[in-house]
Amino acid sequence: MSLSLDWLSERADFSELLASAQTQPPAQAFESFRALANTRVDFVRANRLDKAIQRFVASHGAPGNLPSIKVAVLGSSTLSHLLPHIRLAGLRRGVLVDIHLGDYGLYRQELADPTSSLHAFKPDVVLLALDAEHVAGHSTANAEAAIENLRSSWKAAHALGAIVLQQTILPRFLPALGNNEDRLRQSPAAVVRRINALLRETAVADNIYLLALDEWVTLAGGITAWFDPGLWHLSKHEIAHAAAPFYGDQVGRMLAAIRGRSSKCLVLDLDNTLWGGVIGDDGLEGIVLGQGTAAGEAHLALQRYAKRLSERGIILAVCSKNDEHNALAPFQKHPEMILKQGDIACFVANWQDKAENLKHIARTLNIGIDSLVFVDDNPVERGLIRRELPQVAVPELPDDPALYVRTVALAGYFEALDITAEDRERAELYRQNASREALRASATDMAGFLDSLQMQLAWAPFDQPGFKRIVQLINKTNQFNLTTRRYTEAQVAEVMRGEEEGRYVTLQLRLTDIYGDNGIIGLVIGHLTPRFDLEIDVWLMSCRVLGREVEQATLNLLAARAIELGCQRLYGTYIPTEKNSMVKDLYSKLGFDIDEAREDGTTRWSLALADFEARPLHMQLIQGAPWQTTTSTVS
Amino acid sequence: MANDHIYRQLDEIFRDVFDDDTITLTPETTAADIDGWDSVAHVDLIVSIETRMKIKFKTSELGNLHNVGQLVGIIEYKLESTRQPA
């Protein structure tokens, strides 16, 4: 199995595109660079692309509309050849990666020394890319002691306020005993295996995230592709150059997950993708699906994988050129189908062009167009989407359906650092939302529609049970987010302490309605100014509940809390990003006065609480632990 | 030159590795002639040649290369010895 990034498409005109990108104005150039980062090139070309981008940033500056992340890469072997591929993998997902490479072998000193360049760099993420020789190569190595050593580095990195990514150890030592190597206690190969097992056991408790190199070696390429003994002896490169793009992509997808840039929705074509053949021509009995034929099982395997993604919170949608009743027939009647109609949050089958349909899907689900992954066997459709909607991820599918799952899975579009109960419920939430949309379309008046939803909004200050979800929302909400300020777990904990001391005000909001429970959908963090007014630092909301008066309800609650605390005014700020223009006028719509409009588009607002009148709402407000609210379900 | 095609292939690899489209190699070209050809870049260069030309150098072959002519000599020998009989 190859180590190339098979899911990316190749461009024959790479060199011309690279040359022309470098002459474009910055904003446009970065779109071109991003498109090039999404093509499949060998590591030599990738290095060249990275150099061009670095040069461009040095002379024109980085574009302000893309999120950025600072990563310290620490280790004790040669790592410099990996950095271009980490940066490109970030850009592939719309994240600018700024890298500090630690001095060769000095990472412990740098972590410990507050005057080191590492401390001055203030990394958001510390990647511990330690080689096997360093961790387990010496004759007295034992796994428990190795973990203890690592733990002190994790603590030091956490003290820097960084998220820790720990690379599992590359399983590259050869056996001395043989098949039962692990009976040889001091065998480096056995020690590496044991360390990797311990890392998996302790990762959650130690609050670190793994870069599962050992797993990727098994799944892609094998150790001979990843590790070249000659190169190790020559120059201490543990990861072979040919594996660098794959390695970089693994890091890049984790950085994207940290910045909330992982994809959210898998959009599937039907004919020759979910099943073999054309339903409109071949009919229910004619399509190839299910046990009995190799091709039928291959299509079934893709359905099974999609179902597993859906169970962990990825939304599924269908986009097919078909008459709708034909397209729906297998979902309703074919006995071998794993995916049922109810698994698909948004089902679009018509004869319009797929770019329009993808936009419609994103709108209906209230997610960004760049959250979509579009899987289609037809190269013409893939080409159309790449051209019309470059923000959509479009995997290059191989000819053989047996390799569809592998291609989609290795591409890592849906990387997540952790799983919350809400992730698992999300697919269900989006499906409910599609039903609400249908109801909204049929409702004659807005008030009547809102009343018919029988909404209940439960609210409470931040607390421990909601903690994980709160941190997750703060770090991944992009659209309805006034300031897009990101907080680490430690910072959220600090806010919660501050609230007990009367310095902060927080709100978490949960919305339920006749279709079910939307979960925690809104957050606010505010602090008391020296003049005892309330300044809103963070205000964000899930787009799933747009148009439901939750914004107004949030303001009503916030104003009530502020008045309770004796505040005269509420202050708010809007900081523009590439994604949050939908809330540009929020404060204005809610009756705030504008105080200041800066050149970069940032606006400052305030509201005199003495004049504030809470507008009536079509929902019931309930104070108390939002996660305890009973779920109302009406089918 | 009979090995002209190797030079032209190497030109392209050098241009990508050193990010310089003006590079044109001769047997006498040395590291001193090319901007950025240091010991770190040398490893990248060797691995790039291996990947693009589908050959593999032995560790011992990389020690004492003085100019591009010697490099081409080794490559020629390798391509010759791996060529399948027709």
Name the option with the most non-hydrogen atom pairs under 4.5 Å to chain B; the candidates are Asp42(A), Leu49(A), Asn47(A). Asp42(A)
So does Val17(B) get a backbone contact from the side chain of Lys51(A), meaning a donor-acceptor N/O pair under 3.5 Å? yes
Under 6.0 Å from the CD atom of Glu12(B), do we count more than 12 heavy atoms belonging to anything else shown? no
Around atom CG of Asp35(B), are there more than 12 heavy atoms from other residues, nucleotides or ligands closer than 6.0 Å? no
Take a 6.0 Å sphere around CG of Asp399(A) and say whether it holds more than 12 heavy atoms from other residues, nucleotides or ligands. no
Which of residues 43-54 of chain B get closer than 4.5 angstrom to chain A, counting heavy atoms alone? Val43(B), Asp44(B), Val47(B), Ser48(B), Thr51(B), Arg52(B)
Contacting region of Lys56(B) [heavy-atom separation from chain A under 4.5 Å]: side chain
Proximal to chain A - members of residues 18-25 of chain B, heavy-atom separation under 4.5 Å: Phe18(B), Asp19(B), Asp20(B), Asp21(B)
Within a reach of under 6.0 Å around OH of Tyr77(B), are more than 12 heavy atoms found that belong to other residues, nucleotides or ligands? no
Got a second to check how far Arg15(B)'s CZ is from Ser15(A)'s OG, nearest 0.5 Å? 10.5 Å
